[in-house]
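First comes the structure, then the notes that go with it.
Only heavy atoms go into these numbers, but all of them, side chains included; no hydrogens, no water, no symmetry mates. Starting from 1, each residue takes its place in the sequence as its number.
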Amino acid sequence: MTVQPNSIEARDAAYQLHSYTNARKMEAEGSLIIEQGDGVYVTDNTGKKYIEGMSGLWSVAVGFGEDRLVKAATEQMAKLPYYHTFAQRGHTPAVELSEKLIQMAPVPMSKVYFTNSGSEANDTVVKLLWYRSNALGKPEKKKIISRIKGYHGITVASGSLTGLPYNHMSFDLPIPQVLHAGCPHYGGFAQDGESEADFVARLARELDEMIQAEGPDTIAAFIGEPVMGAGGVIVPPEGYWKAIQDVLKKYDILLVADEVICGFGRTGKMFGSETMGIEPDIMVMSKQLSSSYIPFSAVMMNDRVYQPIADETNRIGTFGHGFTGSGHPVGAAVSLENLKIIEERDLVGNVARLSPLFLERLNALAGHDLAKEARGIGLIGALELKQQGDAAGTAGAAMSAACLERGLIVRNLGDTVALCPPMIINEDQVKEMFDIYAAALDSLSF
C-alpha cells in the first residue's frame, strides 16, 4: 500500500489509534479505507469492490445499505433522538425490543438489560453475578469459569473472561476471579488416540475437578460461546454441551451463553443455544442484534437470576449500574427493524439452506497442501493453515492479504482464516467468495 502525503490514509495513520493493529506498522503502511457498502459488498476509496466475507466483524446480518434500517434510525432520531433508562424512565422502542427478545428466547427468560457492545454486556454480566451472590448471602461465590480460546470482549472484566493471550498481554489480565477451563477444539487439544467421545468426557471431568479444587461454593457461573468465533471458529464435538451442563447442574452453577456472534441466525437456527442444545440462565447478544448499524447489545436473564437481584435493589434502594446509552431509542428502533427483516426474509432459513454448499466448498479445501483443518457450521467457517516455520500467523496473514488483493475481505486469527458473510448472501455469491478464497490459497508459496 502506497500512502500519499495528506491522503485520507496518511491522516488516519497520523491521528487514529486502531484496534487489533500494530501501531508502528500502521504508521508505515496506512490503512484500507472503506467508503461504501451495498449488500454483501463494500467499496474502498479507490473504487475497488470487495465481498465482505466477515460481515464487518461477524455482524452485518442483513447486509450493507439496508434502507429499512436507515429509515428506522432517521424516523426515531427525528421523534426522540435520545433518552435514558435510569430512575424509572423509559421509552417505547426499548420496551418493545425487550418484549420481542423475551418472546424470541429459546428458553424462558425474565428480563432484558441493554448495553452498547458485547464487551459492555459481558462486563455487566460479571457485575450481575457478583451482585446476585451478595444478595443470596454468598459473598464467596464470585468466580467465573470461562475457556481457553473463548472470546467475550475487552473491558477489564470481559477481557479477563476472554481466553486469548493477546487480550491479556501487557494489560495485567486476567483478574483473579476468572478461571479458564479447556477448549473444546478436538483437532487442537485431543490427546493421541483419544476419540471425540473420550475428549468430551475428559473436558467434562477436568471441569468437575476444577470446580472441586476451587470449591463449588466459590463458583458463580460458567460462560461460553455456543460456537467459538474469534478463537478460530471452533465447533464443539457432539455431546460436549450436554456433558458440560451436567457438571454445572451437579454443582448448581449458572450458565451464561455468549450469543454475540452466534445469535440471530448465524448457526442456522435463531440462536446458537438452540443449535447446540444449551439451556442458559443468561444470554448475551450484540452484533447481529442491530446488524451493527448502530452500537447495541443486550443481556437476557431468567427469573432465577433476576429475583435475587431485584430483592437486593430493594434492600439497597437502587441498582447502582448503568450506561448513558443503555437502551438508546435509536439503537432499539434499528434493532427492532433488523429483527423484523431477519424474520420476514427468512434469513435464518437462508443460512440453513446455503450451509451445505458453504461447508462443502470449505471442507473441499481441507485437502490442500497448506491446509491443516476446516471447521464450520451454518454460515460461519474457517480454514486453519499449517504454520510456516517458527512464525505463527505468517500463513494466515499471507492468506488474508491474498484474498484482499483479489477482492475478498476475510479475517486471519493467527493461521486460521475465517469467513462469516452477511446472512443475505445467495448461492452465486457463496460460489464467488470461495472461488476467490481458493485462488488466494493456491497463490501462496513459502
Side-chain angles (χ1 to χ4, degrees), residues 15-27 57-58 115-134 138-185 188-189 206-207 209-211 213-215 217-225 228-232 234 253-254 256 258 260-261 282 284 286-287 295 297 299 320-326 390-393 396-397 411-416:
Y15 298 112
Q16 186 174 187
L17 175 64
H18 281 242
S19 304
Y20 289 88
T21 297
N22 177 332
R24 298 303 184 201
K25 188 171 184 286
M26 170 75 182
E27 290 172 359
L57 282 175
W58 325 84
T115 49
N116 304 288
S117 69
S119 295
E120 278 188 7
N122 278 320
D123 192 280
T124 293
V125 165
V126 172
K127 292 183 71 177
L128 288 171
L129 291 168
W130 291 349
Y131 196 91
R132 177 181 182 272
S133 290
N134 288 331
K138 299 179 179 180
E140 74 287 349
K141 197 174 182 66
K142 299 289 174 62
K143 297 174 187 173
I144 301 168
I145 301 175
S146 185
R147 297 176 298 175
I148 295 167
K149 288 203 169 186
Y151 188 87
H152 302 290
I154 45 72
T155 64
V156 171
S158 64
S160 295
L161 296 175
T162 290
L164 296 167
Y166 285 140
N167 297 106
H168 294 167
M169 293 168 63
S170 298
F171 289 117
D172 293 346
L173 299 180
I175 57 177
Q177 294 96 328
V178 174
L179 309 169
H180 289 91
C183 174
H185 179 198
F189 293 96
E206 289 173 353
L207 175 62
E209 291 168 354
M210 173 184 281
I211 292 169
E214 295 289 332
D217 291 341
T218 71
I219 309 296
F222 178 99
I223 185 170
E225 304 152 90
M228 286 180 166
I234 296 166
I253 293 171
L254 297 173
V256 182
D258 185 332
V260 170
I261 288 177
I282 297 173
V284 179
S286 188
K287 294 188 184 292
S297 58
V299 176
H321 177 80
F323 303 97
T324 301
S326 291
D390 296 327
R411 187 177 181 196
N412 62 292
L413 309 161
D415 286 320
T416 296

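Take E214 and apply the side chain to side chain donor-acceptor pair (under 3.5 Å) test, not counting sequence neighbours, and it matches K143. In this structure R147 satisfies the side chain to side chain donor-acceptor pair (under 3.5 Å) test together with Y240, sequence neighbours excluded. Applying the side chain to side chain contact (heavy atoms under 4.5 Å, CB included) rule to S117 yields the partners S119, E120; only residues at least two apart in sequence or on another chain are considered. Partners of N22 under the side chain to side chain contact (heavy atoms under 4.5 Å, CB included) rule, at least two apart in sequence or in another chain, are R24, K25. With sequence neighbours excluded, the residues satisfying ring pair (Phe, Tyr, Trp, His ring centres under 6.0 Å) with F323 are H321. Under the rule for a side chain to side chain donor-acceptor pair (under 3.5 Å), T162 has no partner lying at least two apart in sequence or in another chain. In this view, I261 and W58, K287, I380 satisfy the side chain to side chain contact (heavy atoms under 4.5 Å, CB included) rule, not counting sequence neighbours. With sequence neighbours excluded, no residue forms a side chain to side chain donor-acceptor pair (under 3.5 Å) with D415.
At distances below 3.5 Å, not a single donor-acceptor pair connects side-chain atoms of S297 with backbone N or O atoms of S286. In this structure, the side chain of E206 does not engage the main chain of M210 through any donor-acceptor pair within 3.5 Å. For the pair S160 (side chain) and I175 (backbone), a donor-acceptor distance under 3.5 Å is present.
Residue pairs that meet the ring-ring contact (aromatic ring centres under 6.0 Å, His included) test with at least one member in residues 143-176, sequence neighbours left out, are H168-H180.
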Passes side-chain contact (heavy atoms from CB on, under 4.5 Å), N134 versus K142? Steps please.
-> CA-CA 9 Å; N134 288 331; K142 299 289 174 62; 3.0 Å; yes

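For Y15, the OH atom sits in a loose shell: 12 or fewer heavy atoms of surrounding residues, nucleotides or ligands are nearer than 6.0 Å.
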